[in-house]
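In what follows, every chain begins at residue 1, and chains take the letters A, B, ... in the order their sequences are listed. Because the structure is predicted, anything quoted here is derived from the model rather than measured. Note: hydrogens, waters and symmetry copies are ignored here, and every other heavy atom, side chains too, is used.
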Amino acid sequence: MPDFQLSCPLPITAYPHVLMAHGGGGRLMRDLIQQMFATAFGGQHETDSAVIPTQGSRLAFTTDSFVVRPIFFPGGDIGSLAVHGTVNDLAMSGATPHSLSAAFILEEGLDLDTLWRVVQSMAAAARECGVRIITGDTKVVERGKADSLYVTTTGIGFFNHPLIIAPQSIQPGDAILLSGDIARHGMAIMSAREGLAFDSPITSDSAPVHREVLSMLQDRIELHCLRDLTRGGLASALIEISTSACLRFDLDESAIPIREDVRAACEILGLDPLYVANEGRFAAFLPADQTPLALQLLPDARIIGRVVEQREPLVVLRSPIGGSRILDLLSGEQLPRIC
Amino acid sequence: MKYLDEFRDPARARTLADEIRRITTRPWMIMEICGGQTHAILRYGIDQILPPDITLLHGPGCPVCVTPLEQIDKAIELAQRPEIIFTSFGDMLRVPGSSTDLLSVKARGGDVRIVYSPLEAVDLARRHPERQVVFFAVGFETTAPANAMAAAAARQAGLDNFSLLVSHVLVPPAIEAILSSPECRVQGFLAAGHVCAVEGYEDYEPLCAKYRVPIVVTGFEPIDILQGILHCVLQLEAGRAEVENQYARIVRREGNPRARALVREVFEIAPRKWRGIGEIPHSGLRLRGEWREFDAELRFPLSTQHVDESPDCISGLVLQGVKKPDECHAFAIRCNPDSPLGATMVSSEGACAAYYRYKRRHA
């Protein structure tokens with residue numbers, strides 16, 4: 001007869017060092033931003049771009065750093081990603097992207113041919129997006145102090161509409177639109193890193209989304225809030241918006257499109273696709289009666305849920321078999337499960 | 001994936017839930033052993049479509065939850081040594097030892113790497129002959145064959161820089177420990193399909209006979225779990241206590257003979273301490289005498305001693321099915337996944353973490 005003792009470990013309440021999880025798009029990252037950056041810098045940090053009032057107009061302003069490994073992956077590379085990421089952040093405020101800066105941190109020993117491929121890819125992506133890269137910076141660090149190269153892009157954009165596209169504009173009854181299938185970027189990267197072979201490789205969804213957003217605005221769709229679904233995936237983005245707006249969202253799991261190969265890769269690696277990164281997908285909150293027009297403009301989009309008349313921050317997912325569960329921010333990055 | 005979709009079919013799930021409701025005449029308490037099953041139950045809301053008379057209790061089948069504190073501390077001590085590349089499955093990295101976790105060791109410069117297979121760790125040892133590679137060999141019967149294979153591969157390659165920190169546990173002795181406890185509330189079990197895929201289910205037959213409980217070998221998809229529950233309730237209602245195999249598409253009675261032979265060649269049965277439960281005789285695996293050269297605990301002098309754990313959390317009761325996570329006073333108040341009091345809150349398969357993530361409030 002074993003001697004049952006009821007025991008437990010000491011808790012780790014705060015980490016004194018930066019962990020990878022602090023950049024994972026989960027709760028540790030949110031706390032770091034709120035407790036350190038927002039405390040020191042002030043300002044509101046609930047949208048992908050800042051909006052600056054200028055004389056008679058408004059300016060959208062945003063920045064993003066890119067540290068992806070491998071730097072070339074199926075469906076994209078660090079260069080195109082750096083352009084798409086910042087263009088998309090501008091688009092999430094409803095702005096028309098105008099210009100970007102690009103800053104490079106290069107590791108000593110980096111092959112110049114590699115750098116040229118990245119630069120060419122950035123230039124092509126910028127042309128495709130209709131933006132110009134007009135200023136930049138270059139630094140080199142010693143071999144081993146960086147992983148090939150890091151890119152930071154900063155962007156500005158202008159507004160052609162008067163809407164305030166932000167969590168506080170969301171209304172109970174709004175429909176929640178998802179612009180396409182999820183989890184492709186994260187699984188393309190993971191599959192490349194882990195050497196998972198499929199019949200055809202999973203390609204990243206990395207793409208600019210500003211034209212989709214601008215087409216909806218042009219057709220007078222009253223967008224209340226937009227969010228691109230990068231680190232932390234669909235679930236983290238919706239939880240953050242729900243928290244900012246203090247509103248409950250009800251989602252229908254079976255309405256969320258996930259490609260079969262992506263689902264398979266998630267199963268194999270023990271990851272939840274709802275928390276896997278995207279680079280060309282966004283969620284939009286809009287009046288329910290405008291969804292037919294939105295779906296006409298965005299044929300790959302789906303309505304995945306709605307905002308309910310309940311003033312509390314809660315995201316509830318209804319499973320296909322009829323049960324429901326609360327979605328919660330992960331602590332940091334998803335860690336693969338043992339078995 | 002079409003193959004998986006069959007086992008997630010909403011219409012079939014509802015039919016099975018209706019059937020369970022139809023045959024249930026009184027309250028039954030059923031324990032799913034495996035953390036993967038707990039995860040699926042809460043993720044799909046299976047407990048919400050069952051009749052109220054069926055209570056699911058969440059068992060000790062999560063390797064992250066039951067690996068004792070001393071082993072975590074040993075892992076942390078090894079990972080801090082400069083000559084060691086410490087390799088582990090991902091979710092062991094967040095488990096707190098008595099003062100820190102492997103993620104923090106990594107952040108402070110320890111060479112801690114996530115691998116998907118112990119053979120990846122062997123490969124690292126081959127590529128880094130100047131370093132020592134240690135793999136954290138945790139888990140149930142499911143992970144034992146691959147860990148045994150890693151030791152065999154290292155021996156075949158003549159590697160003297162690969163070793164295992166072993167913390168293997170076995171399911172049948174844990175079931176027996178739960179059943180023999182005077183506080184036991186469990187009336188039927190869903191056995192873990194993947195464990196039985198390796199070891200078969202002969203070992204469960206004497207338990208059914210001795211304790212008069214049905215044990216249904218069950219898979220991990222919603223339809224599997226509902227079928228497992230249905231078979232279990234059918235037995236309970238009829239007063240039967242047998243081993244049944246719901247997961248016959250994967251599991252045979254004798255298991256996987258090649259995997260079993262490899263495990264027996266490399267490992268031997270030993271007493272093992274379970275976090276939150278205590279020492280259970282014959283409930284673990286350790287390297288056999290002729291394989292001890294791969295034992296990291298013998299290769300490296302370790303200072304880690306017995307560590308007393310704080311008495312504040314009820315993870316032991318949760319793991320035995322005596323309490324549910326939300327019956328704990330600390331649940332979601334002083335204990336959450338960022339600041340866990342017990343390992344059941346750390347692992348994504350832990351019952352407390354699963355409750356926290358999926359069920360904190362009835363939505």
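Residue L330(A) touches chain B through its side chain alone, counting heavy-atom pairs closer than 4.5 Å. With a 4.5 Å cut-off on non-hydrogen atoms, Q334(A) does not touch chain B at all. There is no contact between R12(B) and chain A, counting heavy-atom distances below 4.5 Å. Contacts of L103(B) with chain A are made by both backbone and side-chain atoms, with heavy-atom separations under 4.5 Å. With a 4.5 Å cut-off on non-hydrogen atoms, L319(B) does not touch chain A at all. With a threshold of 4.5 angstrom between heavy atoms, D250(A) does not approach chain B through any atom at all.
The ring of H194(B) has its center no closer than 6.0 angstrom to the ring center of F140(B). The six-membered or imidazole ring of F7(B) lies away from that of F220(B), with a centre-to-centre distance of 6.0 Å or more.
Salt bridge absent: E253(A) and R8(B) never bring a charged side-chain N and a carboxylate O closer than 4.0 Å.
Using a 4.5 Å cut-off on side-chain heavy atoms (C-beta onward), D174(A) and Q171(A) make contact.
Checked options V64(B), T67(B), V95(B); the residue passing with R275(B) is V95(B) (criterion: side chain to side chain contact (heavy atoms under 4.5 Å, CB included)).
A distance of 10.5 Å separates CD1 of I33(A) from NE2 of H22(A), quoted to the nearest 0.5 Å.
In terms of heavy-atom pairs under 4.5 Å with chain B, the best-connected choice from S254(A), G322(A), S319(A), G26(A) is S319(A).
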